[in-house]
2 protein chains.
Amino acid sequence: MTTAQRPTLEAVAARAGVSRATVSRVVNGSTTVAEPIREAVTRAVAELGYVPNLAARSLVTQRTDSIALVMPEAATRVFSDDQVFPGIIRGVSQELEAADKQLVLMLAGSPAGHHRVERYTTGRHVDGVLFASLHGADPLPGTLARLGIPVVVSGRPLGDVPVPYVDVDHVAGVTAAVRHMIDSGRRRIATIAGPQDMVAGIERLSGYRSTVADAGLPELIAIGDFTRESGSAAMRRLLAEHPDLDGVFAASDLMAHAALRTLREAGRRVPDDVAVVGFDDIETAAYTEPPLTTVRQPIVELGRRMTRQLLRLAAGESIEQAVMLPTELIRRASA
Amino acid sequence: MTTAQRPTLEAVAARAGVSRATVSRVVNGSTTVAEPIREAVTRAVAELGYVPNLAARSLVTQRTDSIALVMPEAATRVFSDDQVFPGIIRGVSQELEAADKQLVLMLAGSPAGHHRVERYTTGRHVDGVLFASLHGADPLPGTLARLGIPVVVSGRPLGDVPVPYVDVDHVAGVTAAVRHMIDSGRRRIATIAGPQDMVAGIERLSGYRSTVADAGLPELIAIGDFTRESGSAAMRRLLAEHPDLDGVFAASDLMAHAALRTLREAGRRVPDDVAVVGFDDIETAAYTEPPLTTVRQPIVELGRRMTRQLLRLAAGESIEQAVMLPTELIRRASA
DNA sequence: TTGTATGCGTTATCAT
DNA sequence: ATGATAACGCATACAA
């Protein structure tokens, strides 16, 4: 490896016939530099192909200009075709790009991974930390916040940790979904709920319960974990226990997709016999058979908002403890 | 922000009653440290919650212990429910975690983004660079390689840049797919090809052409860009131009999925009237109507192999210029 | 407006 | 086996 020595401030300074300090000023856009000198320096920078050494810079500025996005899911689940995580990544990188910061991605599925994230983030190797989703009451966000490290979480954190978060309005979305089925005459509406150690799972279930309760309808519940597999199993259970059901609200499109198939295999027609509504509005939802009515959540926007909040926090501003994003019922053919 | 001063080597040294050098040795696992001293230092580290400052370390070691994964796609396409990119990310992070390195994710869809990536990577802010997919003949990988920066690309690079790459055996996969249809009696087999500025698109098309040619069958071609939308449009075109087609090989599952729907809308039964085979084996493939026969490519493994190659390269080893991963025909109901 | 001098927290070299 | 001490490349307070 003939790793050509990369030029330093020193080299540029020599070439331009000025001091290191002046070059540094030009590179960092200081206004107090005479035009001819600025030009000379700029030329020297270009000729030498100078690029600042970030390590050196961050050593003195105490900033790293990078932020971590932590995905505490098991690596195998983070990237199923559930589009939640990819969507968040996309939103985060858009906003980070605008701010000229780097995205350090950390999957923390295993305990070892979690520990690694803890070491890395508490070690202040990043200017801030974004959590993409929390399982149970993870103490890490709170720990970081207490250390004075900027943190923003997606989804209201379980337990009462005073960590700022951005979330979508699950309850409003679910309410709209269930109401829609009630309005079209369904009376035996079941739900395939999400995991009850995640806010999204908890809130979507509670939204369902209060809505059916308000309408004087019974609760028909089976728990899944947002995946297709769990959706199939849950649907089969519901069918066995409540053969007369005429509506299903699934807490994720993946589970709804599986429910669609399971219902068909059981000889039920959708939406004629059973109405089905999902949650997420993943791309596949428009291509299921029949196309899926579902609750859209602005997932890319979620990533963007989290990032904006974090950057403000890192800049020393104070921010709202909670930001809520709206959801929307997308009507297709399944309900 | 009461940013508690984080302890430095100096502080640990003072507490343990030794020199900075000794603490550094213990932290870095040097064997030349007496056991009692090592213990004292270890205790001091724990008590103070010391974590090394990576910037300072990398300033002297000339390593950053992080590698960049560049996705040169437009941000909007990188995370469609095409599982390719998420899969690669997953493979890369698994392997990186094992090597205790950080993943810096860079999307480079826009020209500005591309330039940003160039600056960042040529600036040696990472120990190596992985490219997740290339459009056309991107010069950046070659540039980096010439600068002595370790680079590994996914997919054979277009143009003849001598950059090491890992790819899946597109041709073998496509051949198996088309043969499968021929063997079951299809004689008018069309293809919905991928974009012709990407190797995956090019190779899958050429695999199709040679296979039908070998069988003395006609070429029926429409070009898409791997997305569902383009798949629908291409399928409609094929139907209009070749109403008698009895088989379709789509270069991506997303396009195959759209084709399935378009065929149904046109009143064709799959597989009775028309056989359909896709490529990728995304999770959705098992849930389409009918379930999709497709060519599975080991996408997570691709990410892992790329990473392993890169790490070897960064460690000064020399590596194979090309690594080819096998594909496999997964038979379901659509063909 | 520009230059000088200092320090950021490590690792590595060289003594001891 | 351990300790001084010199880099590493940069930003900035201060001096000019």
Side-chain angles (χ1 to χ4, degrees), chain A residues 3-42 44-45 48-66 100 119-120 122-127, chain B residues 3-42 44-45 48-66 100 119-120 122-127:
Chain A
T3 306
Q5 198 60 27
R6 46 187 296 218
T8 67
L9 261 196
E10 186 81 47
V12 177
R15 176 134 193 158
V18 298
S19 73
R20 288 197 322 237
T22 300
V23 177
S24 175
R25 289 189 187 102
V26 172
V27 170
N28 291 293
S30 163
T31 52
T32 67
V33 179
E35 194 47 43
I37 295 211
R38 142 168 284 115
E39 270 174 33
V41 171
T42 308
V45 165
L48 265 37
Y50 169 77
V51 184
N53 179 318
L54 290 194
R57 174 180 284 173
S58 109
L59 189 55
V60 34
T61 61
Q62 304 284 35
R63 290 176 308 119
T64 63
D65 285 324
S66 63
D100 203 35
R119 252 185 55 98
Y120 193 78
T122 59
R124 297 183 185 274
H125 301 320
V126 287
D127 296 342
Chain B
T3 305
Q5 199 58 30
R6 45 187 297 216
T8 69
L9 262 195
E10 185 81 47
V12 178
R15 176 138 194 155
V18 298
S19 73
R20 284 192 326 232
T22 299
V23 178
S24 176
R25 290 190 185 97
V26 172
V27 170
N28 291 293
S30 163
T31 50
T32 67
V33 178
E35 194 47 44
I37 295 211
R38 142 168 282 113
E39 271 174 33
V41 171
T42 307
V45 164
L48 264 37
Y50 168 77
V51 184
N53 179 320
L54 291 194
R57 172 180 289 171
S58 113
L59 189 56
V60 35
T61 59
Q62 306 282 36
R63 290 176 308 116
T64 64
D65 285 325
S66 62
D100 202 37
R119 252 184 56 96
Y120 193 78
T122 58
R124 296 178 185 275
H125 301 319
V126 288
D127 296 342

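Here is the naming used below: chain letters follow the sequence lines, and residue numbers restart at 1 for every chain. Heavy-atom basis, side chains included; hydrogens, waters and symmetry copies ignored.
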Just N and O in the side chain of [X]: are any of them under 4.0 Å from OP1 or OP2 of [N]?
X	N	result
B/Asn28	C/dT11	yes
A/Thr22	C/dG3	yes
B/Ser19	D/dG3	yes
B/Ser24	C/dT11	yes

B/Leu59 CG to A/Asn53 CG distance, which is reported to the nearest 0.5 Å =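 Taking CG in B/Leu59 and CG in A/Asn53, the distance rounds to 6.0 Å.
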Taking atom types as they are modelled, is there a donor-acceptor pair under 3.5 Å from the base of C/dT6 to the side chain of A/Arg20?
->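 Donor-acceptor pair under 3.5 Å: yes.
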Round to a whole Å and report the spacing from [atom1] of [X] to [atom2] of [N].
X	N	atom1	atom2	result
B/Glu35	D/dA1	CD	C1'	13 Å
A/Arg25	C/dT1	CZ	P	11 Å
A/Arg63	C/dC8	CZ	C1'	14 Å
A/Tyr50	D/dG9	OH	P	10 Å
A/Gln62	C/dG9	CD	C1'	9 Å
B/Glu10	D/dA4	CD	P	10 Å
B/Leu54	C/dC8	CG	P	18 Å

Verdict with reasoning, B/Thr42 to B/Val26, per side-chain contact (heavy atoms from CB on, under 4.5 Å) = CA-CA 8 Å; B/Thr42 307; B/Val26 172; 4.1 Å; yes
Determine the contact category for A/Leu9: base if any of its heavy atoms lies under 4.0 Å from a base atom, sugar-phosphate if only primed atoms, P, OP1 or OP2 are that close, otherwise nothing.
->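 Counting heavy atoms under 4.0 Å across all strands, the contact made by A/Leu9 is with sugar-phosphate only.
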Nearest to the [X] side chain among [options], which nucleotide is it?
X	options	value
A/Asn53	C/dT1, D/dG9, D/dA11	D/dG9
B/Ile37	D/dT2, D/dC10, C/dT1	D/dT2
B/Thr8	C/dG9, C/dT11, C/dC14	C/dG9

Select from B/Ala21 and B/Ala55 the residue whose nearest nucleotide in DNA chain C is closer to the 5' end of that strand.
->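 That would be B/Ala55.
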Under 3.5 Å donor-acceptor, B/Ser24 side chain and B/Arg20 backbone |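 Not a single qualifying donor-acceptor pair exists.
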Please walk me through it: do A/Val23 and A/Val18 pass side-chain contact (heavy atoms from CB on, under 4.5 Å)?
-> CA-CA 7 Å; A/Val23 177; A/Val18 298; 3.7 Å; yes
Take A/Val41 and A/Arg25 through the side-chain contact (heavy atoms from CB on, under 4.5 Å) test and state the conclusion after the steps.
-> CA-CA 10 Å; A/Val41 171; A/Arg25 289 189 187 102; over 6 Å; no
Assign each of B/Leu59 and B/Val33 to its nearest nucleotide of DNA chain D by heavy atoms, then name whichever residue's nucleotide is nearer the 5' end.
->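 By nearest-heavy-atom nucleotide position, the 5'-most residue is B/Val33.
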